[in-house]
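Heads up: the structure comes next, in C-alpha cells.
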Amino acid sequence: MPNKSRDALFQLIKALEKSEKRNFKLFARRYAGATGFKSLQLFATLDKMDDYDESLLLKRNRHISKQQLSNIKAHLHRQILASLQLISDESNIHIQFHEHMVHARILYSKGLYMQSLKLLERLKEQAKTYYQFAYWLQVVRLEKEIEAHHISKSMENRVEELAKEVEQIHGHLAIIDQLSSLSLRLYGWFIHLGQARNSTDAAAVKALLEQGLPPEPQQLTGFYECMYLYQSYTWHSFIIQDLLSYYRHSQKWVDLFEAEPVMKKIEPAHYIKGLHNLLMAHFLIRNIDGFYKTLNSFENFVREGSSFMDMNQQVQSFVYLYNARINKHFTEGTFTEGLALVPVIEEQLEKHHPQIDRHRELVFYYKIACLYVGSGRPEKALDYLNTIINWKVDLRTDLQCYSRLLYLIAHYEMGNTELLEYLVKSVYRYMTKMDNLLMVEKEILAFLRTSFRLTPSQIQDAFRQLLERLRSHQHDPYEFRSYTYLDIISWLESKIEGVTLQTIIRQKFEEQYEPTRRKKLEKEEPEFY
C-alpha cells in the first residue's frame, strides 16, 4: 500500500506537470524578494524529495528556521496556485465563466455599465446553452444590481423580466440540488455498507429514494435534473441488486450525454462514471457484446479526452478503465493474462496516491487478489488480502467480508489446513459482527471448517453436495451478491473436474459467447443470389 506523506504543499508540488513547474519558476522570479528566494529554494528541495521529511527539508535549507517554515510553506502554496491560475485551461467552461464574471464586475466598477451588461448578456446565453444555472443566477444578480443604479431599458419590463428569470433559475436549482443530494446519499450508503444484505436494507434504501424524489420525476426534462435522477435510480438498483433496472438506468445516464455530446466536455467526470456503471451492468448481466462495445467507447473517449480532461478526470478514467479491463479478464477466464495489468495499476496507485481515495484502492486490491487466485497463485493473493484485512477503514463492509472469505480459499489452495481451522472461526466471528453472514457464506465456512478432516474420496462428494446446495441459492436476490464477488460455483466445479479455475470460466465464456458471435456473423454475412 502506498505510504505517501499527507503534507498539502508536498502533494501539490508532486501533482504538477513539467510545464507547470517551469511556469511557476518564471512566475516566482518576478517576486524574488527575500521570501521569494526562500520559496524557490524550498520548492526545488520538495520537488526532488520522494517522501516528505521535514528534518531533511530543514537540513537542506539552513537559511530557513523551523519557526519560519510554516509561513514560507503557506506563501509557496499560494504562489503555486496563483501561477496555475494564469495558465488555466481555457477549454474549461467553469473557469471561463468565473473569469468573465470578474471582467464584468471590473467594467461595472469603472462606470462602464453598458459594456458590463453586454458581456453579461453573452454570458447568460452561454449559461443557458450549457445548463449552468448557478452562473446564470450570478449574471442575473449582477444585472439587477446594475439596473438598480442605472436604467438601461424600460424599467417596468426589465424588472419583470429579471424577476421571472430568477424564479425560473431557482426552480431548476432546487430540483438539481434535491436530486444531487439524493444521488450522493445513495452512493454514500453503498460506499459504507455495499449492497443490500436483506429485506431490511432494501426497505431502508427504497425509503431513502422515495423521500428524496421530487413530485412527478418522470416529467423532468433538464439535463442536470435527468442526470441526477438517473444516477439516483442507478445507485438504488445496484444496491438492491435489481440488475435489469441497473442496466436500464445506467444506459439512460450515458444516452443523456450521447444526445448532447457537448456536455461530455463540460461534465466529463459524470460521463466517465456513467460509462463505468454501464460497463458494470453489462458485466453483471453477462451481456458480453454490450460490454465490449461500451469498453471500446470508453477507451476512445479517454484518448480523445486527453486534450480537455484535468488530472482528476484522467485519474478517474484510469480507475474505471482498469477496473473494466480486469472484469474483461474475469469474464473471459484469462486470469494469467490479466496479471500483466498489475504492475501498471500499482505504478499508477503510487503515482496518483493523493488523488485516489481509499475505496478505489480497496477495490483494486481485491480484484488483483482475485486475479492471483484465479491464475493459480494464491500465495501472491495473500499479500493484497492482508493489506485489506489489516486496513482500518470504515468502508465497504461487504468487500471487507469477502476479502476474508477469499483469504480462506487462498489458504485452502495452499494446503494450510492447520491454520485454516483457526481462521474459519475468526472470519465467522467477523462476518457475524458485520451482519454480513448469509446462507452462502455459512455454507462455505461450514465446508472449509470440516474439509481438512475428509479423505480424498470424501472431499469429492463434499464438493458436489456443496455445489448442489449453493446452486439452490443462486436466484435469491440477497444471496446473489455472493456469486458476483466470489465465483464460488466455478471454483467448486474446478475442484470436481480437477482443472484450474480459469479453465472452467474460459469454457463457460466460450460456450456462451462463441455461439452468439457465430450467429451474429452469419446474420451479417451478405447473401449472394
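Each residue takes its place number in the sequence, starting with 1.
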task: Would you mind reporting whether H170 and F133 have side-chain heavy atoms less than 4.5 Å apart?
output: no
message: For R506, is there an ion pair with E510 - N to carboxylate O distance below 4.0 angstrom?
response: yes
task: Test side-chain hydrogen bond (donor to acceptor under 3.5 Å, both in side chains) on Q231 and H249 and set out the steps.
output: CA-CA 7 Å; Q231 284 184 10; H249 286 105; over 6 Å; no
- request: Give a yes or no on whether a salt bridge exists between K328 and E332, defined as a side-chain N under 4.0 angstrom from a carboxylate O.
  value: yes
message: Between the side chains of E267 and K273, is the shortest nitrogen-to-carboxylate-oxygen separation below 4.0 Å, so that they form an ion pair?
response: no
message: Any salt bridge linking K351 with E346? Criterion: basic side-chain nitrogen under 4.0 Å from a carboxylate oxygen.
response: no
message: Can a donor-acceptor pair be found, under 3.5 Å and without considering hydrogens, that links the side chain of K14 to the backbone of M49?
response: yes
field: Min side-chain heavy-atom separation L399-R404 under 4.5 Å
entry: no
- prompt: Is there a donor-acceptor contact under 3.5 Å from the side chain of T387 to the main chain of D383?
  reply: yes
- request: Mark yes or no: R286 above the aromatic ring of F283, with NZ or CZ under 6.0 Å from the six-membered ring centre and no more than 45 degrees from the axis.
  value: yes
message: Whether E304 and K264 form a salt bridge (side-chain N of Lys/Arg under 4.0 Å from carboxylate O of Asp/Glu) is what I want to check.
response: no
query: Donor-acceptor pair, D255 side chain versus E258 backbone, under 3.5 Å?
result: no
- request: Give a yes-or-no answer on whether the side chains of H276 and Q316 include a donor-acceptor pair shorter than 3.5 Å.
  value: no
message: Is it the case that over 12 heavy atoms from other parts of the model lie below 6.0 angstrom from the CZ atom of R185?
response: no
